[in-house]
**Student:** 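Attaching a single structure in structure tokens format; questions to follow.
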Amino acid sequence: MARYNAKDSEKHWQAVWDQRQCFVTPNESAKPKCYVLEMFPYPSGRIHMGHVRNYTMGDVLARFRRAQGYNVLHPMGWDAFGLPAENAAREKGVNPRDWTYANIATMRAELKRMGLAIDWTREFATSDPDYYAQQQRLFIEFYKAGLVYRAEADVNWDPVDGTVLANEQVIDGRGWRSGAPVERKKLSQWFFRITEYADELLTALDRLDRWPDKVRLMQKNWIGRSEGLRVTFDLSDGAKVDVFTTRPDTLFGASFVALSPDHPLSQRLAEKDPKIAAFIDACHRLGTSEAAIETAEKMGCDTGVTAAHPFDPQWKLPVMIANFVLMGYGTGAIFGCPAHDQRDLDFAHKYELPVLPVVVPDAVDAKSFDISDEAYIGPGHLANSRFLDGMSIEAAKNEVASRLEAEGRGKREVNYRLRDWLVSRQRPWGCPIPMIRCGTCGLVPVKESDLPVLLPDELQFTGTGNPLDSHLTWKHVHCPQCGGAAQRETDTCDTFVDSAWYFARFCDTRSEGPVGRKAADYWLPVDQYIGGVEHAILHLLYARFFTRGLHRLGYTDVDEPFAGLFTQGMVCHETYKGHNGQWLALDEIDKRDGKAYLKGTDAEVTIGRSEAMSKSKKNGIAPEAIIDLYGADTIRWFMLSDTPPERDVEWTNEGAEGCFRFVQRIWRLIEDAKPLLPPPHAEIETAEGAALELRRAAHRAIAGVTDDLEHLRFNRAVAEIYTLVNAIGRVEDSIPGAVRREALETLVLLIGPMMPHLAESCWRALGHETLVVEMPWPKAYPDLVRYDTITIAVQVNGKLRGTIESARGADRKALEDAALALEPVSRALAGKPPRRVIVVPDRIVNVVA
RNA sequence: GCCCCUGUGGCGGAAUGGUAGACGCGGCAGACUCAAAAUCUGUUGCCUUCACGGGCGUGCUGGUUCGAGUCCGGCCAGGGGCACCA
């Protein structure tokens with residue numbers, strides 16, 4: 001018998017689906033809608049195993065929903081702007097556009113070989129002028145709606161490359177490419193006003209009940225809401241300074257006020273005092289890298305100015321400038337309470353400031369409560385705090401807030417960690433920000449009729465800085481308002497802007513506006529979004545913000561873009577390291593007896609732990625090679641098997657071979673059975689004995705797989721299918737052909753979403769003219785799913801001592817009697833009556849001796 | 001430092017508080033074969049016993065319960081997120 005030829009079969013069925021336009025989705029339908037979306041890829045060159053896993057899961061769900069009768073939107077596109085194209089341009093002398101679109105062509109072909117049920121008519125890349133033109137319109141509309149503004153901001157400036165760097169591109173205080181020490185520089189930048197929605201983005205998390213708790217928690221922490229009090233201090237030089245605190249209860253433990261080096265007051269004091277100016281300079285030189293921050297010691301500088309305690313004008317607190325106070329949070333100034341804040345305590349020790357505990361654990365006497373190296377942040381009651389003494393922390397917070405508010409020296413306030421979203425990038429391969437700077441009119445949006453602002457065809461990457469800025473003509477324009485000479489904004493949008501609304505564009509990719517309202521009303525929100533957890537914060541938060549912006553502009557009624565979110569794990573593989581600690585690729589080693597050797601030698605190399613496949617660790621496996629070898633269905637099946645989808649999966653050759661054998665096994669099962677089968681649609685008359693058991697196996701598989709797919713438990717669905725295959729393989733040739741046909745057809749329909757090509761081939765082999773993709777999802781008969789006889793465990797004192805077979809629904813007395821009659825039970829009771837017998841019908845009997 | 005998640009056979013993992021180890025990988029034994037591959041059958045947590053059987057077992061440790069992998073407390077280990085956020 002011929003083996004299943006995956007290569008030919010897959011090519012054939014892909015062509016058939018294509019010809020019949022099986023996956024082209026109408027925007028109007030009587031069916032219920034279902035929008036299934038996987039995070040779209042960056043066109044880096046080739047697809048990798050992570051893509052295969054992601055898109056397989058989405059495809060299974062899309063095909064499953066389609067079979068269940070939904071009108072399914074399952075599109076694909078390209079997150080096509082970004083840095084790697086510029087690097088390629090610089091290194092290889094190619095145009096970033098050419099490089100990007102060549103990659104897209106390659107990767108599209110690879111994705112098509114996976115047999116994905118995608119509506120390719122909706123495909124677009126974010127670098128398509130059609131798309132970024134719409135994004136520019138949105139930018140201007142957001143600007144007019146007050147959601148975009150321009151402001152000075154501290155940025156990481158690489159003086160050699162002449163560009164701003166993202167935080168991730170600053171390594172140990174140096175530019176990742178130039179190696180030059182990064183400077184902090186104030187530049188005028190564009191921001192999205194995401195903080196306007198801080199509270200809403202936070203509270204709406206509670207309603208996202210189909211999101212992982214983990215992601216919601218991460219977003220919650222990122223938004224970082226804290227309630228506190230803004231307190232005004234009077235200074236000895238006549239000025240005032242506001243501080244923000246979440247612990248107003250500890251106000252009587254204050255021993256200093258500290259300002260950020262970037263605080264306006266610090267700047268002013270520096271003008272008069274060179275010592276202060278030198279200190280602020282030193283703080284800035286320390287850099288912004290994480291390593292620098294982590295190891296930085298607390299540093300301070302006394303300004304000579306003092307602050308009066310809000311409750312006691314005679315009590316003077318020194319005003320310090322401290323490097324650990326951030327300008328970007330709260331008011332950029334704090335009051336320091338060393339006894340109850342570790343940072344303040346470290347600082348107080350260094351500068352010999354008083355440490356007075358004002359919150360004391362309830363069981364401890366205030367006089368004997370000392371703070372040495374560790375600040376006390378636990379529960380307790382107030383002490384050493386005049387009118388607050390004896391109060392609980394909560395009561396004291398309220399008391400302080402009320403008194404200061406009454407005096408006009410304080411205000412209850414909520415602060416967020418979340419910052420506005422800086423979207424300016426000094427990058428040429430991005431969506432140009434459609435604004436013009438005019439000497440007379442200021443900032444002016446590009447006129448509607450002048451949109452889109454297209455990127456120039458040719459970009460010079462030889463110089464430093466942004467080629468858009470150094471381009472000879474591109475930035476020189478006339479002001480849309482006064483017509484005078486003006487300059488284009490040469491910054492482009494952060495690529496996260498591109499991906500913040502693409503899901504809405506998919507609804508109607510031909511809409512004249514950014515988002516087709518009618519289509520958006522029909523399709524949004526995305527019912528199931530699938531992607532990597534690495535996007536848990538930024539991308540997903542930006543998309544949530546953007547959707548609210550779209551709502552405000554009238555493009556949609558929804559606030560939340562993704563009703564369901566699933567974050568899949570990564571694909572991992574063993575790593576190998578040579579003697580010098582260098583990573584070795586799989587094709588540089590031989591594996592023998594569980595050990596690894598340098599290829600063609602006896603030099604043993606270290607086998608490292610399994611890590612996410614990556615270029616740098618050289619542990620990647622090319623999906624193409626696996627598809628060439630075994631076919632798409634095998635790699636799809638592997639991605640779904642064994643490991644729960646949210647966890648990291650380890651790629652193994654044995655596993656892949658096992659999947660390939662399973663493909664062949666199903667094919668053989670069908671081929672072997674063909675002579676025993678009646679024609680399609682044969683009626684089952686009666687089934688008993690082995691035939692009934694097979695029917696039960698089939699219907700239980702339907703029920704199980706359906707439930708598993710509903711909950712994205714692909715690994716369990718796979719196990720259910722193995723169980724069904726085992727059951728079919730076990731039956732004798734003599735069982736009725738119609739029953740056998742039912743089991744096989746069930747099997748084929750159930751694997752349809754997971755191994756779609758094999759399913760079509762089997763369906764055809766079973767004599768059908770239709771396609772599996774056109775078939776409805778099979779239905780389980782409850783009568784055949786239910787167990788009529790049940791094996792009931794019998795325990796003595798919670799230990800298993802035997803089992804009894806019982807009809808479903810047998811009464812307690814019968815079960816108890818049967819259990820007590822068991823030999824091991826009576827042996828354990830040794831003639832004494834049981835103290836108690838617990839009977840849970842259809843489950844268990846536990847005899848308490 | 002703070003927050004979160006995860007610990008089950010040789011491995012991936014399964015298990016509404018109710019027979020721990022479904023299903024797969026790997027291993028072992030056998031069948032087919034001149035042989036190999038492929039395939040099929042059986043077997044496979046650990047200890048003990050010729051055997052029947054018995055004992056132990058879900059990171060450790062207490063607890064709740066007739067009954068705990070599952071619930072609660074404490075600890076240990078691994079992974080992740082945030083990180084001078086006042």
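In the text below, chain A, chain B and the rest are named by the order of the sequence lines, each starting its count at 1.
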**Student:** Minimum heavy-atom separation for A:Asp648 to A:Met570, with atom names?
**Tutor:**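 Result for this residue pair: OD1-N, 2.8 Å.
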**Student:** At under 4.0 Å between heavy atoms, what does A:Leu217 touch on the DNA or RNA strands: base, sugar-phosphate, or nothing?
**Tutor:**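 Result for A:Leu217 = sugar-phosphate.
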**Student:** Is A:Glu654 touching bases, backbone alone, or none of the nucleic acid, heavy atoms closer than 4.0 Å?
**Tutor:**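 Sugar-phosphate contact only.
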**Student:** Atom CD of A:Glu646 to atom P of B:rA14: distance rounded to whole Å?
**Tutor:**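 So the two atoms are 8 Å apart, to the nearest Å.
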**Student:** Does A:Arg647 make a side-chain N or O approach to OP1 or OP2 of B:rG12 shorter than 4.0 Å?
**Tutor:**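 Answer no for this pair, as no side-chain N or O of A:Arg647 is under 4.0 Å from OP1 or OP2.
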**Student:** Between A:Trp421 and A:Phe191, does the ring centroid distance fall short of 6.0 Å?
**Tutor:**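 A:Trp421 vs A:Phe191: aromatic centres not under 6.0 Å.
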**Student:** Would you please confirm or rule out a distance under 4.0 Å between OP1 or OP2 of B:rC40 and any side-chain N or O of A:Arg668?
**Tutor:**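 So the side chain of A:Arg668 is within the cut-off, an N or O lying under 4.0 Å from OP1 or OP2 of B:rC40.
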**Student:** Looking for any heavy atom pair under 4.0 Å, which part of the strands does A:Arg225 touch: base, sugar-phosphate only, or nothing?
**Tutor:**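 Nothing, no heavy atom under 4.0 Å.
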**Student:** Would you tell me if any nitrogen or oxygen in the side chain of A:Arg827 comes within less than 4.0 Å of OP1 or OP2 on B:rG54?
**Tutor:**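 Affirmative; the distance criterion is met.
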**Student:** How far does the C1' atom of B:rU58 sit from the matching atom of B:rG53, given to the nearest Å?
**Tutor:**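 One C1' to the other, the span is 25 Å.
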**Student:** Go ahead and name the base partner of B:rU58; Watson-Crick or wobble counts if both distances stay under 3.5 Å, otherwise write none.
**Tutor:**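 Partner of B:rU58: none found under 3.5 Å.
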**Student:** Hey, which sits more toward the 5' end of RNA chain B by its nearest nucleotide, A:Asp648 or A:Gly655?
**Tutor:**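 First, find each residue's nearest nucleotide; the 5'-ward one identifies A:Asp648.
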**Student:** Looking only at non-hydrogen atoms, find the nearest pair between A:Tyr630 and A:Ala656 and report the distance.
**Tutor:**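 Minimum heavy-atom contact is CE1-CB, 4.0 Å.
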**Student:** In terms of side-chain heavy atoms of A:Ala719, which of B:rA22, B:rA86, B:rU19 is nearest?
**Tutor:**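 My answer, after comparing the listed nucleotides, is B:rA22.
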**Student:** For B:rG78, decide between syn and anti, treating a glycosidic angle within 90° of 0 as syn.
**Tutor:**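 Chi for B:rG78 falls in the anti range.
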**Student:** Between A:Ile838 and A:Glu650, who's closer to the 5' end of RNA chain B by nearest nucleotide?
**Tutor:**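 Result: A:Glu650.
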**Student:** Over how many whole Å does the gap from A:Leu418 atom CG to B:rG81 atom P extend?
**Tutor:**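 Going from A:Leu418 (CG) to B:rG81 (P), I get 19 Å.
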**Student:** Take atom CD1 of A:Ile666 and atom P of B:rG24, then tell me their distance rounded to the nearest Å.
**Tutor:**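 Whole-Å distance recorded here is 12 Å.
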**Student:** If I pick the P atom on B:rG27 and the same atom on B:rC75, what distance separates them, to the nearest angstrom?
**Tutor:**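 Those two atoms are separated by 43 Å.
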**Student:** Watson-Crick or G-U wobble partner for B:rG69, using a 3.5 Å limit on both distances?
**Tutor:**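 Partner of B:rG69: none.
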**Student:** Could you give the distance separating B:rC25 and B:rA14 at their C1' atoms, to the nearest angstrom?
**Tutor:**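 Roughly 15 Å separates the two C1' atoms.
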**Student:** Would you classify A:Arg835 as touching base, sugar-phosphate or nothing, given that sugar-phosphate means primed atoms plus P, OP1 and OP2, and contacts are heavy atoms under 4.0 Å?
**Tutor:**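 Touches nothing.
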**Student:** Write down the distance between CZ (A:Arg665) and P (B:rC23), rounded to a whole number of angstrom.
**Tutor:**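 A:Arg665 atom CZ is separated from B:rC23 atom P by 11 Å.
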**Student:** Scan every strand shown for a Watson-Crick or G-U wobble partner of B:rU6, both distances under 3.5 Å, and answer none if you come up empty.
**Tutor:**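 With both distances under 3.5 Å, B:rU6 matches B:rA77.
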**Student:** What's the separation between atom CG in A:Leu822 and atom OG1 in A:Thr803, rounded to the nearest 0.5 Å?
**Tutor:**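 These two atoms lie 7.5 Å from each other.
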**Student:** Indicate whether OP1 or OP2 belonging to B:rG24 is found under 4.0 Å from a side-chain N or O atom of A:Tyr722.
**Tutor:**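 For A:Tyr722, the contact criterion (side-chain N or O under 4.0 Å from OP1 or OP2 of B:rG24) is not met.
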**Student:** What nucleotide, of B:rC82, B:rA86, B:rG24, holds the atom closest to the side chain of A:Thr245?
**Tutor:**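 Looking only at side-chain atoms, A:Thr245 lies closest to B:rA86.
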**Student:** Roughly how many Å is it from CD in A:Glu657 to P in B:rA37, rounded to a whole number?
**Tutor:**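 Distance check: A:Glu657 CD to B:rA37 P gives 13 Å.
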**Student:** Could you give the distance separating B:rC52 and B:rG17 at their P atoms, to the nearest angstrom?
**Tutor:**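 Their P atoms lie roughly 36 Å apart.
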**Student:** With under 30° as parallel and over 60° as perpendicular, where do the rings of A:His309 and A:Phe233 fit, or are they tilted in between?
**Tutor:**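 Plane angle over 60°, so perpendicular.
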**Student:** Looking for any heavy atom pair under 4.0 Å, which part of the strands does A:Val848 touch: base, sugar-phosphate only, or nothing?
**Tutor:**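 Result for A:Val848 = sugar-phosphate.
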**Student:** Does NZ or CZ of A:Lys298 fall inside the cone over A:Phe347's six-membered ring, less than 6.0 Å from its centre and within 45° of the axis?
**Tutor:**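 No - A:Lys298 does not lie over the ring of A:Phe347 by the 6.0 Å and 45° rule.
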**Student:** Taking A:Asp642 first and then A:Arg647, would you say they form a salt bridge - that is, a charged N and a carboxylate O separated by under 4.0 Å?
**Tutor:**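 Between A:Arg647 and A:Asp642 there is no salt bridge, as every charged N stays at least 4.0 Å from the carboxylate O atoms.
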**Student:** Go through B:rG18, B:rC82, B:rC40 for me and flag the one nearest to the A:Ile844 side chain.
**Tutor:**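 Nearest listed nucleotide: B:rG18.
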**Student:** Closest to the A:Gln795 side chain: B:rG24, B:rA20, B:rC82?
**Tutor:**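 Nearest to the side-chain atoms of A:Gln795, counting from C-beta on, is B:rA20.
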**Student:** Report the nucleotide, chosen from B:rC40, B:rG13, B:rU16, that has the shortest atom-to-atom distance to any side-chain atom of A:Thr643.
**Tutor:**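 Selected nucleotide: B:rG13.
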**Student:** Considering every strand shown, what is the Watson-Crick or G-U wobble mate of B:rC50 when both distances are under 3.5 Å?
**Tutor:**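 Matched B:rC50 with nothing under the 3.5 Å cut-off.
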**Student:** When you measure from the side chain of A:Asn715, which nucleotide among B:rG13, B:rC84, B:rC82 comes out closest?
**Tutor:**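 From the listed options, B:rG13 comes nearest.
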**Student:** When the C1' atoms of B:rC11 and B:rG21 are compared, how many Å lie between them, rounded to an integer?
**Tutor:**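 About 13 Å, rounded to a whole number of Å.
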**Student:** Could you check which nucleotide pairs with B:rG21 in any of the strands shown, counting Watson-Crick or G-U wobble with both distances under 3.5 Å?
**Tutor:**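 The answer is none; no pair meets the criterion.
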**Student:** Given B:rG24, is OP1 or OP2 found less than 4.0 Å from the side-chain N or O atoms of A:Arg661?
**Tutor:**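 Answer no for this pair, as no side-chain N or O of A:Arg661 is under 4.0 Å from OP1 or OP2.
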**Student:** Among the candidates B:rA14, B:rA86, B:rC82, find the nucleotide nearest to the side-chain atoms of A:Val325.
**Tutor:**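 Output: B:rA86.
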**Student:** Can you classify the ring geometry of A:Phe496 versus A:His535 as parallel (below 30°), tilted (30 to 60°) or perpendicular (above 60°)?
**Tutor:**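 Judged by the thresholds at 30° and 60°, the geometry between A:Phe496 and A:His535 is perpendicular.
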**Student:** With rounding to the closest Å, how many angstrom separate the P atoms on B:rC84 and B:rG13?
**Tutor:**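 Per the computed distance, 35 Å lies between those P atoms.
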**Student:** What is the base-pairing partner of B:rA31, counting Watson-Crick and G-U wobble geometry with both distances under 3.5 Å?
**Tutor:**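 By the stated definition (distances under 3.5 Å), B:rU39 pairs with B:rA31.
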**Student:** How many whole angstroms separate atom NZ of A:Lys799 from atom P of B:rA20?
**Tutor:**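 My rounded result for the distance is 11 Å.
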**Student:** May I ask you to say what A:Ser226 touches in the nucleic acid, namely base, sugar-phosphate or nothing, with a heavy-atom cut-off under 4.0 Å?
**Tutor:**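 If one applies the 4.0 Å heavy-atom cut-off, A:Ser226 turns out to touch the sugar-phosphate alone, with no base involved.
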**Student:** Among B:rC84, B:rG26, B:rA86, which is the nearest nucleotide to the side chain of A:Thr246?
**Tutor:**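 The nucleotide sitting nearest to the side chain is B:rA86.
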**Student:** With a 3.5 Å limit on both atom pairs, tell me what B:rG26 is paired to, counting Watson-Crick and G-U wobble, or say none.
**Tutor:**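 Paired with B:rG26, as far as the under-3.5 Å criterion goes, is B:rU44.
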**Student:** Who is the Watson-Crick or G-U wobble partner of B:rC82, with both distances under 3.5 Å?
**Tutor:**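 Base partner found: B:rG1.
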**Student:** Roughly how many Å is it from CD1 in A:Ile377 to P in B:rC2, rounded to a whole number?
**Tutor:**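 It is 7 Å, rounded to the nearest whole Å.
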**Student:** Would you name the heavy atoms of A:Gly253 and A:Pro338 that are closest together and state the gap between them?
**Tutor:**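 So the minimum-distance heavy-atom pair works out to O-CD, 3.7 Å.
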**Student:** Mind checking A:Arg730 for me? I need base, sugar-phosphate or nothing, with any heavy atom below 4.0 Å counting as a touch.
**Tutor:**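 Counting heavy atoms under 4.0 Å across all strands, no contact is made by A:Arg730.
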**Student:** If I take atom CG in residue A:Asp842 and atom P in nucleotide B:rU16, what distance separates them, rounded to the nearest angstrom?
**Tutor:**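 Value for this atom pair: 17 Å.
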**Student:** Heavy atoms from C-beta onward define the side chain here; which of B:rA86, B:rC56, B:rG18 lies closest to that of A:Arg843?
**Tutor:**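 Nucleotide nearest to A:Arg843's side chain: B:rG18.
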**Student:** Please report the distance separating the P of B:rG67 from the corresponding atom of B:rA20, rounded so that it comes out in whole Å.
**Tutor:**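 That atom pair is separated by 15 Å.
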**Student:** Would you measure the distance from the C1' atom in B:rA68 across to the matching atom in B:rU61 and give it in whole Å?
**Tutor:**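 Looking at atom C1' only, B:rA68 and B:rU61 are 15 Å apart.
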**Student:** Where the side chain of A:Asn726 is concerned, which of B:rU19, B:rC82, B:rC23 is the nearest nucleotide?
**Tutor:**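 Nearest to the side-chain atoms of A:Asn726, counting from C-beta on, is B:rC23.
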**Student:** Could you walk me through whether A:Phe662 and A:Trp637 pass the ring pair (Phe, Tyr, Trp, His ring centres under 6.0 Å) check?
**Tutor:** CA-CA 9 Å; A:Phe662 186 63; A:Trp637 189 249; 5.2 Å; yes
